[in-house]
Amino acid sequence: MSTTVDTRVYNFSAGPATLPLSVLEEIQADLMSYRGTGMSVMELSHRGKTFIEIMEDTAARIRQLLSIPAEYEVLLLQGGGRLQNVMLPMNLITGPGQSADYLLTGFWGVSSSEDVPHFGRLNKAFDGKSCNYSRLPQPGELKLDPTAAYVHMTSNETIHGVQFQQFPETGAVPLVVDASSELMSRPLDISRFGAVYACAQKTSGIAGCTIVIIRRDLIERGGDRVPGYLSYKKHADAADKMLNTPPTFPIYVTGLICKWLQEEVGGLAQMERLNQEKAQVVYDVLDRHSGFYRGHAERSARSLMNAVFFTPNPQMDETFVTEARKHLLSDLRGHRVLGGIRASIYNAMPLEGVQTLAQFMNDFAIRHG
Ligand SMILES: Cc1ncc(COP(=O)(O)O)c(C=O)c1O
């Protein structure tokens, strides 16, 4: 059986999300016997030479793509974005009196903040609730605490469709970024951050692998105080950076995604240009039919990754999603928190997929407007 392109749809899912076809084909080719080993990656011992090479190659590619400075570690963990909501305060807050600043810019910013009170004081440096998270803070609007353990922000809010183009100045307080729905979609100056993390299943792989890029001094801050799997230090200091059996197959897929970005796309600056072009195609239709569609995000906060919008009413949203599916445009239903329609146009969504969506949106607005 071989992969046939004509059975595939344009998958606008927010994650797990669409993968590049060439990556799927490489996985298929490797599946029964990875590079002459006579076994699949899923069957390789994580302590064997072949898997250690995969692990090192994946971490090296992440470092190259993001030009990660030497004083940062790259950890490939389990537990998704959610586990980082616990590991961060547990490792970085050193006592119950200490606070951490959180920017509540949407569902994920809020979720990230929820476990902080187990470890210290939560300072809401910005709360976008009153505008239903449709905008981002202006410079000067943040209520930062200069003694905070760190400042946490979500660079792209997957559900509310708002994305930072500039990162706030936090002085000596380390800035920690949840980049789960955008890592590898554009260059990032890692030296601006104390830590950047992302679950892989949106823009950098499949579910099961979580990428944590963290500065060595922050790893030491948790030190031996933090138990077992939850300690960054234990992961960073373990042999081959494997404290336990890592998510071997997802790490291999992240490596293939990085290879695709390097060898086929041409790096993250090029990826960003393509993502800007794709997002423009979608937002242009929204603006052309602004009497019919309503975007959720303020124009200046619009995400290049998740375009969230509404037709005139919820029944019409449902008709949109159902009709779109007949045009091979899949997974456009908005998240239950917000409703409406959400088009996730991550790295692997081809321009043709976005153009097909734009054509459909245009025709739909004319027919139902
Ligand atoms: C921005 C962001 N952070 C965190 C998460 C949670 O990731 P996980 O489901 O891997 O725990 C998600 C998932 O959608 C997300 O979009």
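Remember, predicted model here, so these are calculated numbers, not experimental data.
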Trainee: Within the side chain of R225, is there an N or O that forms a donor-acceptor pair under 3.5 Å with the backbone of R221?
Mentor: yes
Trainee: Between D284 and R288, does any NZ, NE, NH1 or NH2 come within less than 4.0 Å of an OD or OE carboxylate oxygen?
Mentor: no
Trainee: Are the side chains of D178 and M153 in contact, using a 4.5 Å heavy-atom criterion?
Mentor: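 No, their side chains stay 4.5 Å or more apart.
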Trainee: Do E73 and I213 have side chains that get closer than 4.5 Å, going by heavy atoms?
Mentor: no
Trainee: For atom CZ of R336, is the number of surrounding heavy atoms from other residues, nucleotides or ligands below 6.0 Å larger than 12?
Mentor: no
Trainee: From M32 CE over to E43 CD, what is the distance, rounded to the nearest 0.5 angstrom?
Mentor: 8.5 Å
Trainee: Excluding sequence neighbours, so at least two apart, what forms side chain to side chain donor-acceptor pair (under 3.5 Å) with E141?
Mentor: R135
Trainee: Before you tell me yes or no, could you show the steps for L24 and R8 under side-chain contact (heavy atoms from CB on, under 4.5 Å), namely the whole-Å CA-CA distance, both residues' side-chain angles and the distance that decides it to 0.1 Å?
Mentor: CA-CA 12 Å; L24 290 173; R8 288 182 55 79; 3.4 Å; yes
Trainee: Between E318 and R333, is the closest basic N to carboxylate O distance under 4.0 Å?
Mentor: yes
Trainee: Could you tell me whether the side chains of N156 and S303 share a donor-acceptor contact shorter than 3.5 Å?
Mentor: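 Yes, a side-chain donor-acceptor pair sits under 3.5 Å.
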Trainee: Report the distance from atom CD1 of I214 to atom CD1 of I219, rounding to the nearest 0.5 Å.
Mentor: 5.0 Å
Trainee: Take L144 and V173, measure what side-chain contact (heavy atoms from CB on, under 4.5 Å) needs, and give me the verdict at the end.
Mentor: CA-CA 9 Å; L144 297 174; V173 181; over 6 Å; no
Trainee: Would you say the side chains of Q359 and T356 form a donor-acceptor pair under 3.5 Å?
Mentor: no
Trainee: Is the closest side-chain donor-acceptor distance between T319 and E323 under 3.5 Å?
Mentor: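 Per modelled atom types, T319 and E323 side chains form no pair under 3.5 Å.
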Trainee: Are more than 12 heavy atoms from other residues, nucleotides or ligands located less than 6.0 Å from atom CE of M42?
Mentor: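 Yes, the 6.0 Å shell around CE holds more than 12 heavy atoms from other groups.
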Trainee: Between the side chain of D115 and the main-chain N/O of V86, is any donor-acceptor distance below 3.5 Å?
Mentor: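 Looks like no, no N/O pair under 3.5 Å.
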Trainee: Taking atom types as modelled, find out whether S330 and N11 have a side-chain donor-acceptor pair closer than 3.5 angstrom.
Mentor: no
Trainee: Of all the heavy-atom pairs spanning A14 and S344, show the shortest one and how long it is.
Mentor: CA-OG, 3.2 Å
Trainee: Would you check if there is a donor-acceptor pair between the side chains of N132 and S134 at a distance under 3.5 Å?
Mentor: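 Their side chains do not contain a donor-acceptor pair, so the 3.5 Å distance test is not met.
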Trainee: Decide whether L66 and L76 are clustered together by the hydrophobic rule: side chain heavy atoms of Ile, Leu, Val, Met, Phe, Trp, Tyr closer than 4.5 Å, transitively.
Mentor: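 Yes, L66 connects to L76 through the hydrophobic network.
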Trainee: Passes side-chain contact (heavy atoms from CB on, under 4.5 Å), V23 versus I257? Steps please.
Mentor: CA-CA 7 Å; V23 166; I257 293 286; 4.3 Å; yes
Trainee: Side-chain heavy atoms under 4.5 angstrom apart, residues restricted to Ile, Leu, Val, Met, Phe, Trp, Tyr: same cluster for V321 and V337?
Mentor: no
Trainee: Do Y72 and I190 have side chains that approach each other closer than 4.5 Å (heavy atoms only, starting at C-beta)?
Mentor: yes
Trainee: Side chains of V116 and I93: does their closest heavy-atom pair fall under 4.5 Å?
Mentor: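 Yes, at least one pair of side-chain atoms sits under 4.5 Å.
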Trainee: When you check the gap from the basic side-chain N to the acidic O, do R121 and D101 get nearer than 4.0 Å?
Mentor: no
Trainee: How are the rings of H335 and F107 set relative to one another: parallel (under 30°), tilted (30 to 60°) or perpendicular (over 60°)?
Mentor: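 The rings of H335 and F107 sit tilted, inter-plane angle from 30° to 60°.
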Trainee: Under 4.0 Å between a side-chain nitrogen and a carboxylate oxygen: does that hold for D217 and R215?
Mentor: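 Salt bridge present between D217 and R215.
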Trainee: Applying side-chain hydrogen bond (donor to acceptor under 3.5 Å, both in side chains) to Q270 and R273, what does each step give before you reach the verdict?
Mentor: CA-CA 5 Å; Q270 178 62 6; R273 275 191 287 281; 3.0 Å; yes
Trainee: Taking the ring centre of each residue, are F51 and H46 less than 6.0 Å apart?
Mentor: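 Here the rings of H46 and F51 have centres that are no less than 6.0 Å from each other.
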Trainee: Between OH of Y346 and CE of M271, what distance do you get to the nearest 0.5 Å?
Mentor: 13.0 Å
Trainee: Under a 4.5 Å cut-off applied to non-hydrogen side-chain atoms, are H235 and L77 in contact?
Mentor: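 Side-chain contact under 4.5 Å: yes.
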Trainee: Tell me, which pairs form a ring pair (Phe, Tyr, Trp, His ring centres under 6.0 Å) where one or both residues lie in residues 160-184, sequence neighbours left out?
Mentor: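 Those involving residues 160-184 are Y133-H160, H160-H296, F167-F193.
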Trainee: Are N306 and T158 linked by a side-chain donor-acceptor pair shorter than 3.5 Å?
Mentor: no
Trainee: Between S22 and E264, do the side chains contain an N or O donor and an N or O acceptor separated by less than 3.5 Å?
Mentor: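 Result is yes, a qualifying pair exists.
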Trainee: Would you check if there is a donor-acceptor pair between the side chains of Q64 and R61 at a distance under 3.5 Å?
Mentor: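 No, no side-chain donor-acceptor pair sits under 3.5 Å.
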Trainee: State whether R299 and D287 are salt-bridged, where the test is any N-O pair (Lys NZ or Arg NE/NH1/NH2 against Asp/Glu carboxylate O) under 4.0 Å.
Mentor: yes
Trainee: Are any non-hydrogen side-chain atoms of H152 and L103 less than 4.5 angstrom apart?
Mentor: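 The answer is no, as the side chains (C-beta and beyond) never meet within the 4.5 Å cut-off.
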Trainee: Side chains of D317 and T311: donor-acceptor distance under 3.5 Å anywhere?
Mentor: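 Side chains of D317 and T311: pair found under 3.5 Å.
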Trainee: Side-chain contact test, heavy atoms from C-beta onward, threshold under 4.5 Å: evaluate it for Y150 versus P89 and give yes or no.
Mentor: yes
Trainee: Would you call D237 and R216 a salt bridge, using N to O less than 4.0 angstrom?
Mentor: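 Yes, this pair counts.
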Trainee: If you round to the nearest 0.5 Å, how far is NZ of K49 from OG1 of T37?
Mentor: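 So the OG1 of T37 and the NZ of K49 are separated by 11.5 Å.
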Trainee: Would F360 and F320 count as a ring pair (Phe, Tyr, Trp, His ring centres under 6.0 Å) here? Give the steps.
Mentor: CA-CA 9 Å; F360 173 76; F320 180 102; 5.1 Å; yes
Trainee: Just so I know, are the side chains of L83 and L230 near enough to count as touching, which here means a heavy-atom distance under 4.5 Å?
Mentor: yes
Trainee: Of the options S181, P16, C209, which is the one that meets Q201 in a side-chain contact (heavy atoms from CB on, under 4.5 Å)?
Mentor: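 Exactly one option meets the side-chain contact (heavy atoms from CB on, under 4.5 Å) with Q201, and it is P16.
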Trainee: Given R302 and Q280, is the side-chain hydrogen bond (donor to acceptor under 3.5 Å, both in side chains) satisfied, shown in steps?
Mentor: CA-CA 10 Å; R302 282 173 169 176; Q280 195 62 45; over 6 Å; no
Trainee: Is any NZ, NE, NH1 or NH2 atom of the basic residue among E53 and R35 found under 4.0 Å from an Asp or Glu carboxylate oxygen of the other?
Mentor: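 Answer for the salt bridge query: no.
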Trainee: Of all heavy-atom pairs between S112 and N85, which one has the smallest distance, and what is that distance?
Mentor: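 Here S112 and N85 meet closest at OG-OD1, 3.3 Å.
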Trainee: Looking only at side-chain N and O atoms, does Y10 offer a donor or acceptor that is under 3.5 Å from a partner on D331?
Mentor: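 No, because no side-chain N or O of D331 sits under 3.5 Å from a partner of the opposite role on Y10.
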Trainee: Quiz question: by atom type and distance under 3.5 Å, do the side chains of S155 and E182 form a donor-acceptor pair?
Mentor: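 A pair is found: one side chain offers a donor N or O, the other an acceptor, under 3.5 Å apart.
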Trainee: Taking atom types as modelled and ignoring hydrogens, do the side chains of E157 and T105 form a donor-acceptor contact shorter than 3.5 angstrom?
Mentor: yes
